[in-house]
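Below is one structure, written out as structure tokens; comments come after it.
By convention in this document, chain letters (A, B, ...) are assigned in the order of the sequence lines, proteins followed by strands, and residues within each chain are numbered from 1. None of these values were measured; they are calculated from a predicted model.
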Amino acid sequence: MKTFTNKEGSQIVDMLIRSIQENKQYLSDIDGEIGDGDHGINMNKGFTLCREALDKEPGDLSHSLNVLGRTLMMKIGGAMGPLYGSFFRAFSRSLEGKDNIGRDDIQAALSSSVEALQLISKAQVGDKTMMDVLLPAKEAMELAVQKDLPFESAVDLMAEAARTGRDSTVNMEARIGRSARLGERSKGVMDAGAASCCLILETMTAGVRELIK
Amino acid sequence: MKTFTNKEGSQIVDMLIRSIQENKQYLSDIDGEIGDGDHGINMNKGFTLCREALDKEPGDLSHSLNVLGRTLMMKIGGAMGPLYGSFFRAFSRSLEGKDNIGRDDIQAALSSSVEALQLISKAQVGDKTMMDVLLPAKEAMELAVQKDLPFESAVDLMAEAARTGRDSTVNMEARIGRSARLGERSKGVMDAGAASCCLILETMTAGVRELIK
Amino acid sequence: MQKFINSPDQVVDEMLQGFIKAHPDLISGTDNERVLKYKDAPIKSKVGIVTGGGSGHKPAFIGYIGKNMVDAVAVGEIFTSPPAQMFYDAIREADSGEGVAILYGNYSGDNMNVAMAMEMAAEDGIKVQKVVANDDVPSAPATEAEKRRGVAGEILMWKAGGAKAAMGGNLDQVIAVAKKAITNTRSMGVGLSGCTIPEVGHSNFSVEPGKMEVGIGHHGEPGIEITDLEPAAKVARRMCDVILPDLPFNKGDEVVVLLSGLGSTPVMELYILYNEIEKILSDTGIRIYRSFVGNYFTSLEMAGATLSVMKLDEELRECIDYEADSIGLRQFHNK
Amino acid sequence: MQKFINSPDQVVDEMLQGFIKAHPDLISGTDNERVLKYKDAPIKSKVGIVTGGGSGHKPAFIGYIGKNMVDAVAVGEIFTSPPAQMFYDAIREADSGEGVAILYGNYSGDNMNVAMAMEMAAEDGIKVQKVVANDDVPSAPATEAEKRRGVAGEILMWKAGGAKAAMGGNLDQVIAVAKKAITNTRSMGVGLSGCTIPEVGHSNFSVEPGKMEVGIGHHGEPGIEITDLEPAAKVARRMCDVILPDLPFNKGDEVVVLLSGLGSTPVMELYILYNEIEKILSDTGIRIYRSFVGNYFTSLEMAGATLSVMKLDEELRECIDYEADSIGLRQFHNK
Ligand SMILES: Nc1ncnc2c1ncn2[C@@H]1O[C@H](COP(=O)(O)OP(=O)(O)O)[C@@H](O)[C@H]1O
Ligand SMILES: Nc1ncnc2c1ncn2[C@@H]1O[C@H](COP(=O)(O)OP(=O)(O)O)[C@@H](O)[C@H]1O
Ligand SMILES: [Mg+2]
Ligand SMILES: [Mg+2]
Ligand SMILES: [Mg+2]
Ligand SMILES: [Mg+2]
């Protein structure tokens, strides 16, 4: 089974930062439809601060993810700060100390990050949040491991599930967060957190594929 | 020389009230161009209050003019209240005690009202105010008396001078009141106070003509 | 964007700099530039009062820092909860050893960030308890009151908690009175226009001319209903019809009324609305003990108003009457 | 018109009714429904302080009624001077026998109406003297300073005169200090939007998005220049460049700064602007003794701000520090 080194892996975080920066406007625009239009701004602020921190103090993947999580949690605020903060910190913790990272490591890290997130958010599938992306993605990855699929296929399936989850939010009625009280009116638009979450998982997938190419 | 009685004359005030009420929007619209758009509202408020007062306590022309002047001065405020207030009160005083009112009485009353007004306003011809109407109207009336023209012609000439004065304000630059500081930008629009003043003098003329028909 | 700003992403920092410079008699900065405190905080033997939340609600939150009011505030981006670090630092700035009451509004971000900050503070051995304001009636039905947002009623909670702490109340007592204050308070907003978050650059949402958004939230969260704009008397009736039965407020009750503008509604209109609210309350036999009318808790330049009504008992009356000195609420003791 | 009103021609009366009901601890009505007074006025052995002017400037003018502040106010229609009768009645409500200082702003209607009221009061044997505020620099060149309008600097004039009267100053002394306050004050406004007079029903005037009106008046009187909207730092520089050389304010001077919003500008932006003003003053070596930042003198829901700077001497400092209790300005004595 293919692996990549924790050291090389830090480029995944570089890619995450770039993709959030590039999609700042897109994410804000989506949020503007049924939220307050700042999701891209918030995410970009956090990821850009992380970029600065990493430039000063670079390291391996688990280090980079930890810096990212800490930065989001400590500097960003809102709901996104603690949610993505816990997510990335848990992801980092799970990979800590590993020299080489393989399919099962990623699967375990993803599962534990989702669990960490569930400690602070009660959002379920169907509430129109990032959870509609994360939970199916996590399950797809678990299934791939159960089926013992190759690393590439596992992450591809995970990204595929993320996309499906993201798109499923379009027809949902928001039940959590700022758009929740739009009720019926929240239907027809994708959830911004779902969009950013899917972007993150897709970028991770692209990162992994590049590393194990 | 024709005259009318002070008693009958009160219908002039009825006509003044009606004409201000009917032109409320027109006067506000003119004021809206270079002022704050309330000239018709202010005038209408005062003249309508006067209507109520006169309904309770009717009387002859000098009484009615006094009620009008007092109402404007005491209830209306702004610059218009004291200006038109003094004007009508002086007009009333000048006619007081006269049973019959002729050309010379109206001329004397107009002159003394303009003088009363000049005690509180420094506005000159050319400043783009009601004075651009009043001063030429007063002079036209004086000239008509000098030339010993009939009452009808005297008031016609007075109204004609008022109209010319009013129209002359269009190309003036305001130097007094709210529109003064528009400077150049105040050109091209008629002054609202000039418009109401002309309306008042025209209505007086119509009233006099009807009374001496 | 017709705004006095330099750079949209600097508004919060520059506002804080200006605020600290303008009010040295009350306010001081701290090592964390997103945490401001009362210049004398922590005050020996006094329970510390902390709050925090997103920016854009001036005078909330920092305007309520002061004598017998709030000791330290965590400041977030516009309409965005401050991160845990700021809450944690605010707790530390406010603690004199007697513990800290953190009195804030019910928003998911604030809940998460406060929870983390409280954990961090507890690890330091600081006693911290919280009260979460949920006075906004239209934000959830009574059966799910724990989901309701906190709005302008928070000010009455700070006033009560701040006074109790100043009177020498211990942490449990301060928490109890703050809890009572907010439990006795019901609020409701009506929005007449949207507002523009500088970094977003265009209006958050809009209310069509001739319409009003009944039950709007402090960040423009949609209300329960969009109706035709009504005369002030009907708006007042709508607000009272939602608020009064919810507690319920009854004949004979004595209340504090806080009518806050949301930003761009002229204060003149608030008094017109107040005039109608007063008629309804007095017709209902509810006695108004004290009223606050003005821009107490705003949402940038949104047009609209929030009505908050708090039922008094003797303890709350004493707290409300207590002298206070802050930018947003300043009063002499003698009523 | 996104407004909380019942009927456009009732806004002033209903606002006054609401105001009186909301603040019984400070305000009382009088026989003239357009005249409000401090509940304890006339105060025995104290010179009365009267002001008045058009409505739509909340908290001006009635918000400055209170202890050690203004005793009675004549209330006009929106942006329209009250008639002579109201000024006269206000004078009578404020007079305890020690005379009345009538401190108002330089507008032609107010000048005429006050002059008539003073005549009427003189006939009653009441001593009345006036000070006419003309702090608005852009409204006329220094050579025609008597033509300048009065704007937010009036608040500092009321504060100084009100304090002097409360300290026991006689009419001449009160007039002298009010005169000094306004003579030492320079103001300037920048407008970012128009506003709507309810009875007119549509915007008075407008400022194109992306532009600002430099030197705008309190009723939307046009400024000296319409320019592109600039960053706060440049706006502050423009204001200071007009105000500072006019008095002039010099290095070493001690000043009070009053930065008022015009209505719908979020207070956050005022602090951003204040932050820049403070930098300029401190770079110039001018010491800020006290600052007021907020909505102190508005123009309905106009967006924009007025900066007023008053040079202090010892007497003015004492007056500014004096305790005051009014809706618009409330402060404890101890600075
Ligand atoms: N409790 C929650 N659990 C999971 N996701 C949430 C929760 N609250 C909000 N979100 C997500 O946050 C997104 C909005 O993020 P953002 O715009 O950055 O914050 P805000 O709503 O404070 O402006 C929503 O689209 C939603 O997916
Ligand atoms: N000092 C003055 N002398 C003569 N006319 C004046 C003076 N000031 C204002 N006016 C007149 O008043 C008119 C405006 O009246 P109005 O709109 O009722 O009052 P305001 O300007 O207070 O809104 C101007 O058009 C002008 O003709
Ligand atoms: Mg958002
Ligand atoms: Mg006008
Ligand atoms: Mg947000
Ligand atoms: Mg007017």
Side-chain angles (χ1 to χ4, degrees), chain C residues 1-7 11-12 14-19 21-23 25 55-56 58-59 63 190 192-193 195 207 209-210 212 229 231-233 235 257 263-276 278 288 290-291 293-295 298 300-301 303 305 325 327 330-332 335, chain D residues 1-7 11-12 14-19 21-23 25 55-56 58-59 63 190 192-193 195 207 209-210 212 229 231-233 235 257 263-276 278 288 290-291 293-295 298 300-301 303 305 325 327 330-332 335:
Chain C
M1 215 174 23
Q2 295 299 86
K3 290 184 172 292
F4 293 126
I5 60 172
N6 289 307
S7 156
V11 292
V12 174
E14 294 183 4
M15 172 271 285
L16 291 176
Q17 287 162 27
F19 192 79
K21 287 191 222 168
H23 308 298
D25 48 330
S55 293
K58 283 256 126 26
V190 173
L192 303 187
S193 85
C195 61
V207 181
M212 63 182 191
L229 179 55
V235 175
V257 173
S264 66
T265 284
V267 175
M268 156 178 272
E269 295 173 33
L270 298 180
Y271 281 107
I272 292 173
L273 202 52
Y274 178 84
N275 189 39
E276 301 298 339
E278 189 278 342
I288 301 179
R290 192 191 271 273
S291 294
V293 181
N295 287 311
T298 62
L300 295 173
E301 70 281 5
D325 190 6
I327 303 304
R330 185 172 276 144
Q331 77 185 30
F332 291 89
K335 191 191 140 75
Chain D
M1 219 172 23
Q2 294 300 84
K3 289 184 173 293
F4 293 125
I5 60 174
N6 289 306
S7 156
V11 292
V12 174
E14 294 182 5
M15 172 270 287
L16 291 176
Q17 288 162 25
F19 192 78
K21 288 192 223 168
H23 307 299
D25 49 329
S55 293
K58 281 260 124 27
V190 173
L192 302 187
S193 85
C195 60
V207 180
M212 62 181 190
L229 179 55
V235 175
V257 173
S264 65
T265 285
V267 175
M268 158 179 268
E269 295 175 33
L270 298 179
Y271 282 106
I272 292 172
L273 202 51
Y274 178 83
N275 190 38
E276 302 297 338
E278 190 276 346
I288 301 179
R290 193 191 270 272
S291 294
V293 180
N295 287 311
T298 62
L300 294 172
E301 71 282 5
D325 191 6
I327 303 303
R330 185 171 277 143
Q331 76 185 30
F332 291 90
K335 188 191 143 77

Chain C: which of D/Lys21, D/Lys58, D/Glu276 shares the most heavy-atom pairs with it under 4.5 Å?
D/Lys21
Mind checking whether C/His23 and D/Tyr271 have ring centres under 6.0 Å apart?
yes
So which part of C/Met212 gets closer than 4.5 Å to some heavy atom of chain D, the side chain, the backbone, both or neither?
neither
Is any side-chain heavy atom of D/Ile288 closer than 4.5 Å to one of D/Tyr274?
yes
In terms of heavy-atom contacts, C/Ser264 and D/Glu301 come closest through O-CB, 3.3 Å
Which one of D/Gln2, D/Lys3, D/Met1 has the most heavy-atom pairs closer than 4.5 Å to chain C?
D/Gln2
So, for C/Gly263 and C/Asn295, which heavy atoms are closest and what is the spacing to 0.1 Å?
N-OD1, 4.0 Å
Closest non-hydrogen atoms of C/Ser193 and C/Ala303, given as atom of the first, atom of the second and distance, are OG-N, 2.9 Å
Top residue by heavy-atom pair count (under 4.5 Å) with chain C, among D/Leu229, D/Leu192, D/Ile327?
D/Leu192
Is a side-chain donor-acceptor pair under 3.5 Å present for C/Asn275 with D/Glu14?
no
Interchain contact, C/Val207 with chain D, by part (heavy-atom threshold 4.5 Å):
both
Give the member of D/Thr265, D/Ile5, D/Val235, D/Leu270 that has the highest number of heavy-atom pairs under 4.5 Å with chain C.
D/Ile5
What part of D/Val190 gets within 4.5 angstrom of chain C, counting heavy atoms only: side chain, backbone, both, or neither?
both
Max heavy-atom pairs within cutoff under 4.5 Å with chain C, candidates D/Gly56, D/Pro59, D/Ala232, D/Ser55, goes to D/Ala232
Is D/Val11 close to chain C through its backbone or its side chain, or both, or neither, when contacts mean heavy atoms under 4.5 Å?
both
With respect to chain C, which residue among D/Thr298, D/Val12, D/Val267 yields the maximal number of heavy-atom pairs within a distance under 4.5 Å?
D/Val267
Please step through side chain to side chain contact (heavy atoms under 4.5 Å, CB included) for the pair D/Ile272 and D/Met268, ending with a clear verdict.
CA-CA 6 Å; D/Ile272 292 172; D/Met268 158 179 268; 4.2 Å; yes
Quick check on the interface: out of C/Cys195, C/Gly210, C/Ala22, C/Ser7, who has the most heavy-atom pairs with chain D under 4.5 Å?
C/Ala22
